[in-house]
Amino acid sequence: MPTGTVVDRGLEGVVVGSTVLSNVEGQIGRLTYRGYDIDDLAPSASFEEVAHLLLYGHLPTIAELDAFKRELASRRSLPEPLVAAMQNVPKTAWPMDVLRTIVSGLALFVPVNTHGEHVSDVHSAIELIAKLATILAAWDRIRRGLEPIEPRADLSHAANFLYMRTGKVPSEIEEDAIDTYFVLLADHSYNASTFSARVTASTRADIYASVTAAIATLTGDLHGGAANSSYTNMVAIGSPEKAEKFVRDELLQGRRIMGMGHREYRVRDPRAKHLEAIAKKLSGHRGDSKWYAIARELETQSQRILAEEKPDRQIYANVDFYTAPVLADLAIPGDEFTCLFACGRVAGWSAHVLEQLADNRLIRPQATYSGPPPGPFVPIEQRR
Ligand code: COA
């Protein structure tokens, strides 16, 4: 590597590719999918419309949306051996481990060519979008000792997810909450998990391998795991007046406030206001305003105290912050939050994989070497 090469730990500010799928404008807090602002999409477009937009390049007509929904419906059910496999997994298994394993297992039921490759096309993308929610709902029931519930062709993707967990058709407000959550999570440019999917696809591995890699990358709490950590914090806080002390204690112990801060945004994450509005609506709807009230106060205190402690870094609520009260109010267990994130983001991951494959070049960066200089090999009997 040439001398003077700059090493960017974490690739901050480094442009590694191009995409037409979404644009994150971190300084002004704007997120667009193929030119459509999420502020317009969140209240008006369904997840199915947004997934169609990402995969096909345009918002669907009524007839196109109908066909898209029919294809999703036809691909929602899981191969029986994968349901049986989940039934044999320890009930204590972490949901993200189960999701990653079963998504990888989907490839076993798809034909391969003579080189062992699966077709990576828009239909395999729809297959993955359809099935992730079914896997999560099935695992949720299996680990509670219940039988999985088959999806219903007449329900939306969001309603199906809630129905397959509980056996009850959700209320409109609950369906809308999950639908908008999926819309808001559908894509976010070259975030870590999407980049991981693109790196995998760039080796000409197929879409199943690429999405499996993306799920693995989403797991950590600097990425998709933050919503569960944020929920754990809200449980520990217990009531709004304890939020300030909690924030000070966390920072004193050198810990980060989960759900706060972002690599790209220097203002509040544009998705947070939509999720906050949903959290507010849900808290009134279900008669328990606890999670929303704690989240509001935790955000206020975190923002104020972090501005004092880290004056050089603008730290505001990110997408995971208000995910916690939204999903808690829908009675989703905290350890499934990251899986829900995956159920929305799979639309973006698969669109990115197809975009990568359409104009592929192997992604292979360099590293500076900081180990010992070249030296003689020491035979084993002479080693001390
Ligand atoms: N709580 C406390 N301090 C935070 C913070 C948080 N949530 N987020 C950033 N900071 C501080 C860091 O400690 C660091 O301070 P220092 O310079 O004194 O060491 C400074 O801000 C810059 O942090 P850095 O880790 O370089 O920024 P980044 O761009 O890598 O951070 C995140 C982005 C998301 C990793 C970071 O904000 C974070 O860890 N947030 C909590 C986890 C989370 O919510 N993740 C989901 C992201 S959508």
Side-chain angles (χ1 to χ4, degrees), residues 7-16 22 24-27 29-31 38 96 181-182 184-196 214-237 243-276 279 294-295 297-328 334-335 337-342 344-345 348-349:
V7 179
D8 276 284
R9 286 180 70 240
L11 298 179
E12 183 163 4
V14 176
V15 176
V16 293
S22 61
V24 176
E25 292 171 88
Q27 297 296 335
R30 183 162 61 195
L31 170 61
I38 57 147
M96 274 298 272
Y181 172 76
F182 285 160
L184 293 169
L185 272 290
D187 199 31
H188 208 236
S189 189
Y190 273 50
N191 61 90
S193 55
T194 301
F195 185 50
S196 189
I215 295 173
T217 308
L218 184 70
T219 311
D221 71 359
L222 294 186
H223 192 7
N228 184 33
S229 305
S230 176
Y231 173 64
T232 307
N233 289 349
M234 290 180 201
V235 172
I237 291 167
E244 179 177 358
K245 181 172 177 336
F246 176 87
V247 174
R248 294 204 185 277
D249 287 351
E250 287 290 287
L251 295 178
L252 261 179
Q253 289 170 52
R255 289 200 283 260
R256 293 181 175 208
I257 310 301
M258 304 317 278
M260 298 293 295
H262 200 277
R263 176 60 69 79
E264 296 295 320
Y265 294 117
R266 292 294 164 263
V267 292
R268 201 178 188 225
D269 185 322
R271 299 163 294 181
K273 69 170 173 293
H274 296 285
L275 290 168
E276 185 195 349
I294 294 173
E297 187 58 19
L298 181 59
E299 183 188 13
T300 305
Q301 295 301 338
S302 302
Q303 200 174 302
R304 186 174 63 80
I305 296 167
L306 284 167
E308 288 163 19
E309 304 264 328
K310 312 269 174 197
D312 300 335
R313 183 90 179 182
Q314 299 93 332
I315 302 174
Y316 298 95
N318 62 48
V319 67
D320 290 311
F321 191 88
Y322 281 99
T323 292
V326 167
L327 298 186
D335 62 1
F337 288 6
T338 318
C339 301
L340 254 287
F341 188 147
R345 184 56 55 84
W349 288 334

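Model, not experiment: these values are computed from the prediction. Counting starts at 1 for both ligands and their atoms, following the listed order.
- Nearest to atom 43 (C) of ligand 1 among the protein's heavy atoms is Ala226 CB, 3.5 Å.
- At a 3.5 angstrom cut-off on N or O pairs, Arg313 counts as close to ligand 1.
- Looking at Lys310 against ligand 1, only its side chain comes within 4.0 Å, counting heavy atoms.
- Ligand 1 is never approached by Gly10 to a heavy-atom distance shorter than 4.0 Å.
- The side-chain contact (heavy atoms from CB on, under 4.5 Å) test with Phe246 singles out one residue from Ile294, Leu251, Ile237, and that residue is Ile237.
- Residue-level proximity to ligand 1 for Leu306 is carried by the side chain, the only part with a heavy atom below 4.0 angstrom.
- Looking at Val319 next to ligand 1, no N or O pair under 3.5 Å apart turns up.
- Close N/O approach between Ile257 and ligand 1 is found [any backbone or side-chain N/O within under 3.5 Å].
- Which parts of ligand 1 touch His223 is read off a 4.0 Å heavy-atom cut-off, strictly below it: atoms 46 (C).
- Note that atom 17 (O) of ligand 1 has no protein non-hydrogen atoms nearby, at separations under 4.0 angstrom.
- Under the side-chain contact (heavy atoms from CB on, under 4.5 Å) rule, Asn191 has a single partner from Arg263, Glu264, Arg345, which is Arg345.
- Considering backbone and side-chain N/O atoms, Asn318 comes within less than 3.5 Å of an N/O atom of ligand 1.
- For Asp221, the heavy-atom gap to ligand 1 drops under 4.0 angstrom.
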